[in-house]
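Single-structure report; data block below.
Quick note on labels: first sequence line is chain A, next is B, and so on, each numbered from 1. These numbers come from a predicted model, not from an experiment.
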Amino acid sequence: MTTELSKGYQPGEVETQWYDRWVDAGCFRGDESSDREAYSIVIPPPNVTGILHLGHVLNNTIQDILARRARMEGKEVLWLPGTDHAGIATQSKVEQKIRKDERKTRRDLGREAFLERVWDWKEKHGGIIIQQLKRLGCSCDWDRERFTMDEEYSKWISKIFVDLFEEGLIYRGKRMVNWCPKSLTALSDEEVIMKPQKSKLYYMRYKVVGEDADGRPDRWVEIATTRPETLMGDTGVAVNPKDERYGDLVGKKVLRPFPEAEIPVVADEHIDPEFGTGVLKVTPAHDKADFEIGVKNNLEIIDVFNPDATINEHGGPDFEGMDRFEARKKAAEKLDEMGQLVKVEDYDNNVGFSERADVPIEPRISMQWFLKYPCVEEASAAVANDEIRFRPDRWKKTYAHWMEGIQDWCISRQLWWGHQIPVWYRKEKSEELQARENLSSEDAGSDIHVGIDPPADEENWVRDEDVLDTWFSSWLWPFATMTNSDAEPSATEKKFYPTTDLVTAPEILFFWVARMIMAGYRWRDELPFKNVYFTGIVRDGRGRKMSKSLGNSPDPLHIIDEYGADALRFAIMRTAPLGADIRFEIANEGGKEIYPQVVEGRNFANKLWNAARYRNMQEGSAEFEPSALSIYSIDILAKLDQLEKDMAAAYEDYRFNELSQLLYDFFWSNYCSWFLESSKGAFAEDADPALRASTVATMDLVLKRVLLQLHPFMPHITEELWVNLGYRNEGDPEFLMQTPISTEATLSELEESVVEAAKTKVKAVYEAVSRARNLKAEYGLSANKEVKFIIDPESDFTESDVFRQLVGAAEILIEPGFEAEKGVPTALTAIGKIYLPLEGLIDLDAERERLGRELAKAEDEQKKINGKLANENFVSRAPEEVVAEAKERQKHWQERVEELEKMIESLGD
RNA sequence: GCGCGAUUAGCUCAGGGGUAGAGCACCUGCUUCACACGCAGGUUGUCGCAGGUUCAAAUCCUGCAUCGCGCACCA
């Protein structure tokens, strides 16, 4: 049963209808009780505040392709979805809204009320991205959607915190951390982005206290710094002990200009004598290196900043309350007034910025919780020895490098939205305990409670206010989404863990991938996934990363509405080579943005649609009978078999761009442009019914196979066409993703020699057609102009019907030994000489010129190949086949040149 | 500074020792009874530069240049 199809494909309704049907039928469900081989992916959980961007489209289309393909290969598939609570991002979003709507801060509301508001917001607006993923066609098991702050998931966080604390891997301490003065929280090293900055290098001079060796009363030492505003926190000056200029200064003191104080000169190997003046001002509270020098030399630590990086009371009345950048100018001015500013130079340096808030971070000493990573060795080894395969594998090196230099992870955040640290201090001692410089499992006496549940007499305890880094919940994602923390591994976990593939961006290799591997070994004793596919970054047409601030990121939902999800999916896959960045083109036409790659995708969908329509216009159907096939059918089926082989190989290597390109080329060029056109004669009124039957059977077979292969890429249209073409029989699975993909070659029953002969002949015909069309075009005859061709065949030529059809001729005469009139346009082809007699239109000059151009080309080729064969080394050392092939080519061009010369000669002068 | 990647037609990009490819754009002709979101034909390249290996290099190696990314970082 077939349906009448509209002239053009309209994706809108088709897509949403099919999606609803898939969901209603529950075919995205991963069945843990199934006997089938398991295939699983956990989604990289998007931020709950997130909205879909093209990066998500890329990432999730790949996952969907893998999931659908696996289903069609008969596997039991679980694609587990969910969202991430995204601590800072979500909290700032809600804070902003409250500030705007009510002019209140989170502190005005208080912790509890604020958190209620975040939850409200999450219920209302969170998870938009989930709806958007559905519109893209993602086949996630939505019944299993997880959120990193679900009750059960949160228990996991407490459990692992307790585990690691008891093991001594989690400790609390006063350390130098990256502080974000905007979000008012500590950050991990990974959340800091170095950005090149145009800065100034200030040269200032400090007076040396007391007399120097020469007895001069007035000795000054020059110091270069980029941060004069931290001067008030200087508690020392450091020089390299090997630096002869300053050796005698060590142990003396210099005078800090303001607030005026005597500070010691110390020696430290790390000072580069080449930089600046070779003298470093040491501000232990505001620089990591300075901190270390300070500790070594027992220097005082003076923090001159408030948490928001304004100057605090240590700055003195001139500076207190001032922003750090203002203070920088002010400090320079003040030094200048005092005559202690020597010079200011332009200087390029790198400054760390907060990834989220995009402001320079401050190194700041504060009380934080840290984690020594578990299972580093196992995690390193797993990737090094390919137990976990990275694609592209060059990321292995980056991973190994990071793992080697791994630093303790600052896991506490001074936020409210997140997993609050499961540590309670006994009320009466809480202040003292929280101020303690070091706190680890050994100190966890009866005054500290570290547990999954609060202490029984909770009213007598105070809970640690900090929450955990968002990534501290993400690293459990693969298994915490499957099994509860207090239970034995669930049936789901037993079936689907470790997961098969992880598809993610290389940007979060350290944030997420590396940590998941460690967590996998630590709590599950094995790897969390077997393959990691790193996508590229989606850039705009000019190569810039897409971002909100640049406004160069088109909304995928608009694109889907206009072109269809399938078009977008196909477009982005066709331009996504393994691990390379993707340039998403944006063109402007009459003020409207268009996306050329997506247009191609849409056009391809339309092409498919119409090829199906063409099939439906031919009545009836027929059994596929290999022995009855025309050479054209054999040819297209041979190409189909090759396509499937090539695709299988490309899947092995996750080469999605190649997969989509293979399908595109096969279908558009080989199937539509050549096979379908060649088949048209079979549907003429007087055509042989047997030919017609075998042609219909071939069309059905190709369409079925192509729809199956294409389904993972373009799930909606393929499903629609499968039904409209009547390919679903009684008893068949209800949906394409449940339909096994065929792997058997369509021509396996035919002798290889028969197939080869057909391919050779068809190739010759098609080439001859191209040349004949070219002749027509050269002589200004439009493609639909029905002309007469005369063929002087090489051997028996039986394909004139198809030839006529493809060329667009009224008549083909086969005349062996035909002698053309002088000047008749002629083409030399593998099937013989083709003449285009043009009554009354003979133009000797035109033909002479045309043949001249062809001769020039042929001579060019001949020269190249002659040169090659003239090289004795080539003939004696190259493999035999290569030489034979070259000789073949030489012969071919030789004959052609001779032939063309003769033809030109026959035209006379 | 160290590491990784890219450099191929006007544009976007495939290819990866043996005849330089696709789509778009452009030019010509076509409303041919699946598709103008289409059909047919055509034009376009010192495959970044310089060396090397090889019978043969766009492809492998070395160096350089430019662009991008990651890590480290000197105040």
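- Side-chain N/O atoms of A:Asn350 and base N/O atoms of B:C73 include a donor-acceptor pair closer than 3.5 Å.
- Backbone-only contact: A:Asn774 has heavy atoms under 4.0 Å from sugar-phosphate atoms and none from a base.
- Note on A:Glu677: a base of the nucleic acid sits closer than 4.0 angstrom, heavy atoms only.
- Pair check for B:C49 finds B:G63; Watson-Crick or G-U wobble, both atom distances under 3.5 Å.
- Among the atoms of the strands shown, none is found under 4.0 Å from any heavy atom of A:Lys281.
- Along RNA chain B, the nucleotide nearest to A:Arg602 and the one nearest to A:Arg615 differ in position, and the one closer to the 5' end is contacted by A:Arg615.
- Pair assignment for B:U19: none, as no Watson-Crick or G-U wobble contacts are both less than 3.5 Å.
- If you check every strand for non-hydrogen atoms under 4.0 Å, A:Asn349 touches sugar and phosphate atoms only.
- Pairs engaging residues 595-610 of chain A under the salt bridge (Lys or Arg N to Asp or Glu O under 4.0 Å) rule: A:Arg574-A:Glu600 [sequence neighbours left out].
- Positionally, the nearest nucleotide of RNA chain B for A:Glu885 lies more toward the 5' end than for the other of A:Glu885 and A:Ile271.
- For RNA chain B, the residues of residues 223-232 of chain A within the heavy-atom distance limit of 4.0 Å (strictly under) are A:Ala224, A:Thr225, A:Thr226, sorted by number.
- Out of B:A75, B:C55, B:C35, the shortest distance to the side chain of A:Lys7 is found at B:C35.
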Dump the pairs, protein N or O against N or O of nucleotides 2-8 of chain B, anything under 3.5 Å, distances to one decimal.
{"unit_1": "B:G3", "atom_1": "O3'", "unit_2": "A:Lys397", "atom_2": "NZ", "d": "3.4"}
{"unit_1": "B:C4", "atom_1": "OP1", "unit_2": "A:Lys397", "atom_2": "NZ", "d": "3.2"}

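- Separating the C1' atom of B:U12 from that of B:A6 is a span of 14 Å, rounded to the nearest Å.
- The side chain of A:Lys864 contributes an N or O atom lying less than 4.0 Å from OP1 or OP2 of B:A20.
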